[in-house]
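Atoms within each ligand, like the ligands themselves, are counted from 1 in listed order.
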Amino acid sequence: MPTTVHRQCNLCEAHCGIAVEVQGTKVLRITGDPEDHFSRGYICPKAAALTDLYEDPDRVTTPLRKTADGGWEPLGWDEALDAAAAGLRRVREQHGADAIANYLGNPGAHSWSVLAFLTLRLVLGTRNNYSATSTDQLPQHLTSAEMLGTPLVFPIPDLERTDHLLVLGANPAVSNGSVMSAPGVRDRLRAVKARGGTVIVVDPRRTETARLADEHVAVRPGGDPYLLLGVIGVLFAEGLVAVGRLAEHVDGVEELRALTAAWTPQRAAEHSGVDADTIVRLARGFAAAPSAVAYGRVGVCQTQTGTVTHWLITALNTLTGNLDRPGGAMFTTPPVDPTPLLQLVGKTGFRLHRTRTARVSGLPNMNGEFPIAGLADEITTPGDGQVRGLVVYAGNPVLSAPGGAALDAALPQLDFMVAIDQYVTETTRHADIILPPVSALERDDLDFVMPAVSVRNHVRFSPAAVPKRPGGREDWQIINGLSRRLGTGLRRRGVAGAVHAATLLKLDSPARILDLALAMGPYGVLRRGPLKGLTVARVRAAEHGIDLGPLEPRLPGMLTTPGRRVQLAPELFVEEARRLDAQAREQGEATADGFDLTLIGRRSLRSNNSWLHNSRRLMKGADRCVALLHPDDAQARGLSDGALVRVSSRVGAIDLPVQVSDELRPGVVSIPHGFGHGREGVGWTHAAAKPGVSVNDITDPTVLDRLTGNAAYNSVAVRVEAVPVDAAAAADDAALAAGGR
Ligand SMILES: Nc1nc2c(c(=O)[nH]1)N[C@H]1C(S)=C(S)[C@@H](COP(=O)(O)OP(=O)(O)OC[C@H]3O[C@@H](n4cnc5c(=O)[nH]c(N)nc54)[C@H](O)[C@@H]3O)O[C@H]1N2
Ligand SMILES: Nc1nc2c(c(=O)[nH]1)N[C@H]1C(S)=C(S)[C@@H](COP(=O)(O)OP(=O)(O)OC[C@H]3O[C@@H](n4cnc5c(=O)[nH]c(N)nc54)[C@H](O)[C@@H]3O)O[C@H]1N2
Ligand code: SF4
Ligand SMILES: [Mo]
């Protein structure tokens, strides 16, 4: 008899509720769960791909060991975990704890097993921790740390109530919302307009979101901080600043007034590429709206001014009285409080350490991690502390990190590498041991990350939809197995760290850690209120999730700054803002090498970073790994639609088809990331047949957000030219040989 299991899709941050119809081990159908409290039936085309991932014959289902001739041999779990632990221990014994680096990829945020990984970090005791955070939201962590006192909370647009949404550098109609979980976001944007509100999108490309909006502002890449300085300058000049309820709890208004005084709309226009009238209009419209919220995501994080931009976004919200007010930028009250949870699993020291720098790159440490941009050099540069071992969990940095080609070249130099992943990817192909977890549909989960960044408070348990295949293990079981084996000889955090790790390993399942965290949280047994007493069992019993209500005002109580005050003008940011002028002059001008265009990224609704390209149903249709270029730029280079072009930067070149499109601002070229599956030994057969190229072969690991070291993929200067005919013919032959494109 078929049965239906209700759980969530864990592919992107929307975490939609799904109904999975199953019969035994067979998945019959995946649909949206109309009774889900949060997503109310919405799903996107990717949800069906959960079945493809589950059934994929290319998925690794047994531990693998690299053989002498570069092939793979299957191993039993005990043998594999013993070998993995022995290899890592050897590196540690010969070269010390810091010689083992680890990388935590994006799907880590979509599974409770990440808790086990943090325990593994405790056991490894290395300073060389890396993650996808430094390709993504690191500027938002630093902004929150400096302005609110903790890097672990983010202002979230109150989409359900706002009258005015200003989006900078996000494309939620495609990404489905990020650091703003909002399943069915297109409908939520339409609803803002339907109730008389306004949606404005600031983006160098007229995106899917821009097309839904009232207005599209085609900013120059990296132009946002100037635009915002101009907008804030207008607010001060026209007496439109009104902090409102929080006025008594905000420091730095006068510093911002002084700082923005020089940024007249004309001057801001010159550097942002947005005309002065528009800047004035944006400021007035934002201030006049009954409620308004500015929201920025990776489009602005991934620039050299990522942190400064996010600071100015929060400043704009605050100066107009929209921080922490309904319809503005609010804070969640998630069932699991991130700070105590992370302390529970041994993670402390949440801040930017500008003096605790990476050995080779000199990049700063934040939240206990170094930026991924520096990892390749740590591996290839000899000396004390050189990285010689690596654990990669749920990540594909060869395709995702800036300068991924250099990392691809560096990984073979490691003495030993372990990967925890379901596929032989561009990254894991370099591993000595691959430890494959079961797929998402085969495991239980309780999502504690996305409720912390959702547009509504909620919580949901996800039961496994199908039984694990015989011998299948979940990530946390694998990781704890590794931690236990490493237990002796690897800890260097003294007795306290050892006891801590041992206690966590005794708790074993993330469910037990989360029971503790829920008890400590705002709905836990220790609190008063109608929802008191939330436990994993109670969440599990609620088949369609539990609604915990709209976002509620939380300031000043939640602030952890001195005196519980919002810091509008942190010294670190003000200093950086003063440097913006010089930077503006550097940017946008052709460099001596003739890199005269700026590269930006692009996401597709039918893809997710690097790892859904093996799904036939998602890969149907036209080739998506194409470079978009404005008609004027194409014409100036003699390029017509479909031509093969070479896009080069300081660090490399890639060849791909061009698509001429007036969606783009002139001077910009847009290329998606996550392709480049043609590398030797990649285990994704369908993906490898339509390989595309990796844009991160040309992104520059030295072009980073100045304050955090976050990848600045959208600040890379490139050149685009026709591929010489001989090379184009050779590329065609290669494509034909690989099965055609
Ligand atoms: N379908 C799908 N959904 C996804 C993902 C996916 O790969 N596919 N990935 C997931 C992940 S890991 C994340 S982090 C989120 C990201 O979610 P979003 O932040 O919404 O990501 P993008 O779609 O990349 O949107 C970034 C936008 O910024 C624009 N942009 C580039 N440079 C600039 C600039 O200098 N200024 C401004 N104002 N705009 C700029 C780009 O043109 C692009 O439209 O999406 C998640 N969801
Ligand atoms: N040029 C450019 N580069 C970018 C971006 C961009 O906008 N432009 N975006 C950046 C962003 S925002 C992000 S978040 C990063 C993502 O960067 P990464 O996290 O490094 O890369 P992913 O492509 O998400 O790879 C995820 C890997 O995890 C595996 N996996 C999936 N589910 C599981 C699981 O449950 N358990 C385990 N063990 N493994 C699993 C997949 O097989 C895949 O190999 O990419 C960044 N790179
Ligand atoms: S938007 Fe799509 S991929 Fe994201 S959680 Fe919902 S169904 Fe899954
Ligand atoms: Mo991301």
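Atom 42 (O) of ligand 2 has its nearest heavy-atom neighbour, among L599, N609, N714, D421, in D421. Remark: among candidates A394, S439, G108, S131, the nearest residue to atom 27 (C) of ligand 2 is A394, based on non-hydrogen atoms. Nearest-residue assignment for atom 46 (C) of ligand 2 (options V60, T135, I698; heavy-atom criterion): T135.
Nearest heavy-atom pair across L363 and F370 is O-CD2, 3.8 Å. Nearest approach of I698 to V651, heavy atoms of both residues: O-CG2, 3.4 Å. Across G621 and K690, no two heavy atoms sit closer than the pair O-NZ, 3.7 Å. The heavy-atom pair separating T699 from P402 by the smallest distance is OG1-CA, 3.3 Å.
Put simply, the side chain of H6 never gets that close to the backbone of E543: no donor and acceptor are under 3.5 Å apart. Side-chain N or O atoms of T598 include none that pairs as donor or acceptor with a backbone N or O of P221 at under 3.5 Å.
Checked against R460 for a salt bridge (Lys or Arg N to Asp or Glu O under 4.0 Å), the options D33, D447, D36 give a single hit: D36.
Atoms of ligand 2 found under 4.0 Å from any heavy atom of D475 (numbered from 1 in listed order, with element): 34 (C), 35 (O), 36 (N), 37 (C), 38 (N). Less than 4.0 angstrom separates some heavy atom of Y393 from each of these atoms of ligand 2: 38 (N). Atom numbering of ligand 2 starts at 1 in the shown order; those under 4.0 Å from a heavy atom of T425 are 44 (O). Atoms of ligand 2 found under 4.0 Å from any heavy atom of P397 (numbered from 1 in listed order, with element): 20 (O). Listed by number with element, the atoms of ligand 2 under 4.0 Å from a non-hydrogen atom of G105 are 19 (O).
Between K468 and E474 there is a salt bridge, with a side-chain nitrogen of the basic residue lying less than 4.0 Å from a carboxylate oxygen of the acidic one. In summary, R679 and D408 engage in a salt bridge, as defined by a charged side-chain N under 4.0 Å from a carboxylate O. One finds a salt bridge joining R650 and D700 here, because a Lys/Arg side-chain nitrogen approaches an Asp/Glu carboxylate oxygen to under 4.0 Å. At a threshold of 4.0 Å, the pair D444-R7 does not count as salt-bridged, since none of the basic side-chain nitrogens sits closer than that to a carboxylate oxygen. Ion pairing between a basic and an acidic side chain is recognised when a charged N comes within 4.0 Å of a carboxylate O; R646 and D655 show such pairing.
For atom 6 (C) of ligand 2, the nearest protein heavy atom (residue, atom name, distance) is H673 ND1, 3.2 Å. In terms of protein heavy-atom proximity, atom 30 (N) of ligand 2 is nearest to Q422 OE1, 3.3 Å. The single protein non-hydrogen atom nearest to atom 1 (N) of ligand 2 is N696 OD1, 2.9 Å, given as residue, atom name and distance. Among protein heavy atoms, atom 45 (O) of ligand 2 sits closest to S400 CB, 3.3 Å. Looking at atom 22 (P) of ligand 2, its nearest protein heavy atom turns out to be S610 OG, 3.7 Å. Ranking the protein heavy atoms by distance from atom 19 (O) of ligand 2 puts N106 N, 2.6 Å first.
The N/O atoms of V298, backbone and side chain alike, include none that comes under 3.5 Å of an N/O atom in ligand 2.
The side chain of R443, and not its backbone, has at least one atom closer than 4.0 Å to an atom of ligand 2 (non-hydrogen atoms only; side chain from C-beta on). When non-hydrogen atoms are compared, ligand 2 lies under 4.0 Å from neither the backbone nor the side chain of T428. Contact annotation: for N396 versus ligand 2, heavy atoms closer than 4.0 Å belong to both the backbone and the side chain. Of the heavy atoms in R603, only side-chain atoms (C-beta onward) come closer than 4.0 Å to ligand 2.
In this structure, E663 and T207 have side chains that are not in contact, with every pair of non-hydrogen atoms separated by 4.5 Å or more.
Around atom 8 (Fe) of ligand 3, protein N, O or S atoms at less than 2.8 Å comprise C9 SG.
The aromatic ring centres of W684 and Y423 sit less than 6.0 Å apart.
Distances shorter than 4.0 angstrom do not occur between any heavy atom of S111 and any atom of ligand 2. Ligand 2 lies less than 4.0 angstrom from a heavy atom belonging to P437. Using a 4.0 Å cutoff on heavy atoms, Q137 does not count as a contact of ligand 2.
We find the SG-OH distance between C9 and Y42 to be 10.0 Å, quoted to the nearest 0.5 Å.
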Going through the distances and angles, do D203 and R665 end up as a salt bridge (Lys or Arg N to Asp or Glu O under 4.0 Å)? CA-CA 9 Å; D203 196 304; R665 191 190 150 90; over 6 Å; no

